[in-house]
Amino acid sequence: MSTSCPQCTLENTYVDGDHHICADCGFEWPLAGDEVATDTLVVRDSNGNVLADGDTVVVIKDLKVKGASIPLKQGTVIKHIRLVPDDAEHIEGNSDKIKGLVLKTCFLRKA
């Protein structure tokens, strides 16, 4: 009996111990009885620190930015980030030179 993944909604899931695991996106969630945990989205930086709205993050490597003539350099500070609803891999924010950024959390660390 397969259940749908709450993150990508595909049905390619399996049970490993006390968790369901999606083979397509790698998302894990508890078997049953812990419905509160699936409703809470936890966003983490590259070091595993939990991020929240309003936090300050630092870019850990140079990134090319679509639509911009300059790259986002390592060490650039992004203040007052916003979490993307239902997406634990992206945040929104602005740098001093580039506005309206959507960045992957794997390229960021909490300041």
Side-chain angles (χ1 to χ4, degrees):
M1 183 172 173
S2 179
T3 59
S4 296
C5 174
Q7 185 165 344
C8 69
T9 68
L10 297 176
E11 293 190 8
N12 190 11
T13 62
Y14 61 96
V15 176
D16 185 16
D18 60 347
H19 282 79
H20 288 285
I21 299 176
C22 178
D24 294 309
C25 71
F27 184 72
E28 297 183 19
W29 68 101
L31 282 177
D34 195 10
E35 295 300 320
V36 176
T38 58
D39 293 338
T40 306
L41 185 68
V42 178
V43 179
R44 297 184 184 273
D45 69 358
S46 61
N47 295 330
N49 298 319
V50 176
L51 298 174
D53 280 331
D55 281 348
T56 299
V57 295
V58 177
V59 178
I60 62 171
K61 76 178 249 183
D62 290 355
L63 299 173
K64 293 180 182 177
V65 179
K66 290 182 181 179
S69 59
I70 57 172
L72 199 57
K73 295 287 191 181
Q74 178 180 352
T76 301
V77 176
I78 310 292
K79 295 180 181 178
H80 308 294
I81 65 168
R82 293 174 305 283
L83 303 181
V84 177
D86 300 326
D87 189 355
E89 293 185 14
H90 295 92
I91 59 103
E92 297 175 345
N94 298 319
S95 73
D96 292 337
K97 297 180 181 179
I98 305 171
K99 307 298 181 206
L101 292 168
V102 176
L103 299 168
K104 292 188 88 136
T105 56
C106 63
F107 299 119
L108 306 171
R109 70 173 167 81
K110 193 171 185 176

Peer 1: If every non-hydrogen atom of Ser4 is compared with every non-hydrogen atom of Trp29, which pair is closest and at what distance?
Peer 2: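 Answer, listing the atom of Ser4 first, then Trp29: O-CZ2, 3.7 Å.
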Peer 1: Side chains of Asp45 and Val57: does their closest heavy-atom pair fall under 4.5 Å?
Peer 2: no
Peer 1: Taking the side chain as everything from C-beta on, heavy atoms only, tell me whether Leu72 gets closer than 4.5 Å to Ser95.
Peer 2: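 Yes. Closest side-chain heavy atoms under 4.5 Å.
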Peer 1: Starting from the C-alpha separation in whole Å, work towards a yes-or-no answer on side-chain contact (heavy atoms from CB on, under 4.5 Å) for Ile78 and Leu101.
Peer 2: CA-CA 9 Å; Ile78 310 292; Leu101 292 168; 4.0 Å; yes
Peer 1: Report whether Phe107 and Ile98 are members of the same hydrophobic cluster (ILVMFWY, side-chain heavy atoms less than 4.5 Å apart, transitive linking).
Peer 2: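 The answer is yes; both residues are in one hydrophobic cluster.
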Peer 1: For the hydrophobic clusters of this structure (ILVMFWY residues joined by side-chain heavy atoms under 4.5 Å, transitively), does one cluster hold both Leu83 and Leu103?
Peer 2: yes
Peer 1: Can Leu51 and Asn49 be said to form a side-chain contact (heavy atoms from CB on, under 4.5 Å), step by step?
Peer 2: CA-CA 6 Å; Leu51 298 174; Asn49 298 319; 5.6 Å; no
Peer 1: side-chain contact (heavy atoms from CB on, under 4.5 Å) between Phe27 and Leu10: does it pass, once the steps are laid out?
Peer 2: CA-CA 11 Å; Phe27 184 72; Leu10 297 176; over 6 Å; no
Peer 1: Counting only heavy atoms not in Lys99, do more than 12 sit closer than 6.0 Å to its NZ atom?
Peer 2: yes
Peer 1: Of all heavy-atom pairs between Gly93 and Arg82, which one has the smallest distance, and what is that distance?
Peer 2: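 So the minimum-distance heavy-atom pair works out to N-NH2, 4.0 Å.
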Peer 1: For residues Glu92 and Val102, report the shortest heavy-atom separation together with the two atoms involved.
Peer 2: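 Glu92 and Val102 have their closest heavy atoms at CG-CG2, 4.1 Å.
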Peer 1: Verify the neighbour count for atom NE2 of His19: are there more than 12 heavy atoms of other residues, nucleotides or ligands below 6.0 Å?
Peer 2: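 Yes, the 6.0 Å shell around NE2 holds more than 12 heavy atoms from other groups.
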Peer 1: If you compare all heavy atoms of Leu41 against all heavy atoms of Ala88, which two are closest, and at what distance to 0.1 Å?
Peer 2: CD1-CB, 3.8 Å
Peer 1: Is it the case that the side chain of Lys110 and the backbone of Val50 share a donor-acceptor pair, with hydrogens and angles ignored and the cut-off at 3.5 Å?
Peer 2: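 Side chain of Lys110 to backbone of Val50: a pair is present.
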Peer 1: Return yes when atom CG of Asp96 has more than 12 non-hydrogen atoms of other residues, nucleotides or ligands closer than 6.0 Å, and no otherwise.
Peer 2: no
Peer 1: Let me confirm one number: the CD1-CD distance from Ile60 to Gln74, rounded to the nearest 0.5 Å.
Peer 2: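 That separation rounds to 8.0 Å.
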Peer 1: Please find the pair of heavy atoms, one from Ser46 and one from Arg109, that lie closest to each other, and give the distance.
Peer 2: OG-CB, 4.1 Å
Peer 1: Look up atom OG in Ser69 and atom NZ in Lys64, then write down how far apart they are to the nearest 0.5 Å.
Peer 2: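 Going from the OG atom of Ser69 to the NZ atom of Lys64 covers 13.5 Å.
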Peer 1: Got His90 and Lys104 here, is their nearest side-chain heavy-atom distance under 4.5 Å?
Peer 2: yes
Peer 1: Kindly indicate, with the supporting measurements, whether the criterion side-chain contact (heavy atoms from CB on, under 4.5 Å) is fulfilled by Ile81 and Leu108.
Peer 2: CA-CA 11 Å; Ile81 65 168; Leu108 306 171; over 6 Å; no
Peer 1: How long is the span from the CG atom in Asp55 to the NZ atom in Lys79, to the nearest 0.5 Å?
Peer 2: 13.5 Å
Peer 1: Between Gln7 and Cys25, what is the shortest heavy-atom contact and its length?
Peer 2: CB-SG, 4.4 Å
